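Working notes, structure below.
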Amino acid sequence: QVQLAESGGELVQAGGSLRLSCATSKRTFSITYMGWFRQAPGKGREFVATMSWSDAVTTYADSVKGRFTISRDIAKNTVFLQMNNLTTEDTAVYYCAAARGYGSRTRATTYDSWGQGTRVTVGS
């Protein structure tokens with residue numbers, strides 16, 4: 001498995017921005033996708049964004065499209081999630097995930113390594 005560590009979650013007011021980071025502890029040559037998922041209180045884990053590691057193709061959930069951006073720093077083995085124009089609906093624990101195989105890149109079951117999560121709270 002790939003070791004992942006998220007950071008950057010905090011309390012922010014609606015309309016504000018945050019940038020989450022996900023650092024990997026190993027070389028990323030075996031990774032196929034890097035993704036972000038989130039889990040709001042009382043709800044299941046949902047897909048947010050993903051990036052294909054080979055060609056940086058990105059995919060977003062409709063709920064965040066145009067507001068969130070996934071990016072990477074290959075030299076630092078780090079993936080970012082820039083979140084703008086946050087709403088209370090974005091309040092959740094955000095998880096970074098890595099996949100080393102192929103499948104539906106928006107499904108959590110495709111990913112075999114997960115971070116511990118970072119909490120984002122958006123106040124009204």
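Because the structure is a prediction, the values reported are computed rather than measured.
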- Side chain proximity check, Thr87 to Val122, heavy atoms < 4.5 angstrom: no
- Task: Using a 4.5 Å cut-off on heavy atoms from C-beta on, say whether the side chain of Val120 contacts that of Met83.
- Result: yes
- Query: Does any N or O in the side chain of Ser113 come within less than 3.5 Å of the main-chain N or O of Ala97, such that one atom is a donor and the other an acceptor?
  - Reply: no
- Query: Would you say Ser63 and Glu89 make side-chain contact, with heavy atoms under 4.5 Å?
  - Reply: no
- Separation between CE (Met51) and CG (Leu81), nearest 0.5 Å, reads 10.5 Å
- Task: List the atom of Tyr111, the atom of Trp114, and the distance in Å for their closest heavy-atom pair.
- Result: O-NE1, 3.4 Å
- Any donor-acceptor pair under 3.5 Å linking the side chain of Thr58 with the backbone of Thr50? no
- Smallest separation among heavy atoms of Arg38 and Ala92, with atom names: CB-CB, 3.8 Å
- So do the side chains of Arg100 and Val2 get within less than 4.5 Å of each other, counting heavy atoms only? yes
- Item | Interatomic distance, Thr91 atom OG1 to Lys43 atom NZ [nearest 0.5 angstrom] | 10.0 Å
- Rounded to the nearest 0.5 Å, how far does SG of Cys96 lie from CD of Gln116? 11.5 Å
- Task: Would you check if the side chain of Thr118 reaches a backbone N or O of Gly9 as a donor-acceptor pair within less than 3.5 Å?
- Result: yes
- Do we get Arg45 above Phe37's six-membered ring, with its NZ or CZ under 6.0 Å from the centre and within 45° of the axis? no
- Query: Is there a side-chain contact between Thr59 and Arg105, using heavy atoms and a 4.5 Å cut-off?
  - Reply: yes
- Note on the structure: CH2 of Trp36 to CG of Leu20, rounded to nearest 0.5 Å, is 4.5 Å
- Euclidean distance, Thr78 OG1 relative to Ile74 CD1, rounded to 0.5 Å: 11.0 Å
- Query: Do Ile70 and Ile31 share a hydrophobic cluster (ILVMFWY, side-chain heavy atoms under 4.5 Å, transitive)?
  - Reply: yes
- Query: Any side-chain heavy atom of Thr110 within less than 4.5 Å of one from Tyr33?
  - Reply: yes
- Please work out which of the three classes, parallel, tilted or perpendicular, describes the rings of Tyr94 and Phe68, given edges at 30° and 60°. tilted
- Message: With a 3.5 Å distance limit and no angle check, can you tell me whether Arg19 reaches the backbone of Gln82 through a side-chain donor-acceptor pair?
- Response: no
- Message: How long is the straight-line distance from CD of Gln39 back to CZ of Arg119, given to the nearest 0.5 Å?
- Response: 10.0 Å
- Task: For residues Cys22 and Tyr95, determine if any side-chain heavy atom of one lies less than 4.5 Å from a side-chain heavy atom of the other.
- Result: no
- Is Leu18 close to Leu86 at the side-chain level, that is, under 4.5 Å between some pair of heavy atoms? yes
- Query: Under a 4.5 Å side-chain heavy-atom rule over Ile, Leu, Val, Met, Phe, Trp and Tyr, are Phe47 and Trp53 clustered together?
  - Reply: no
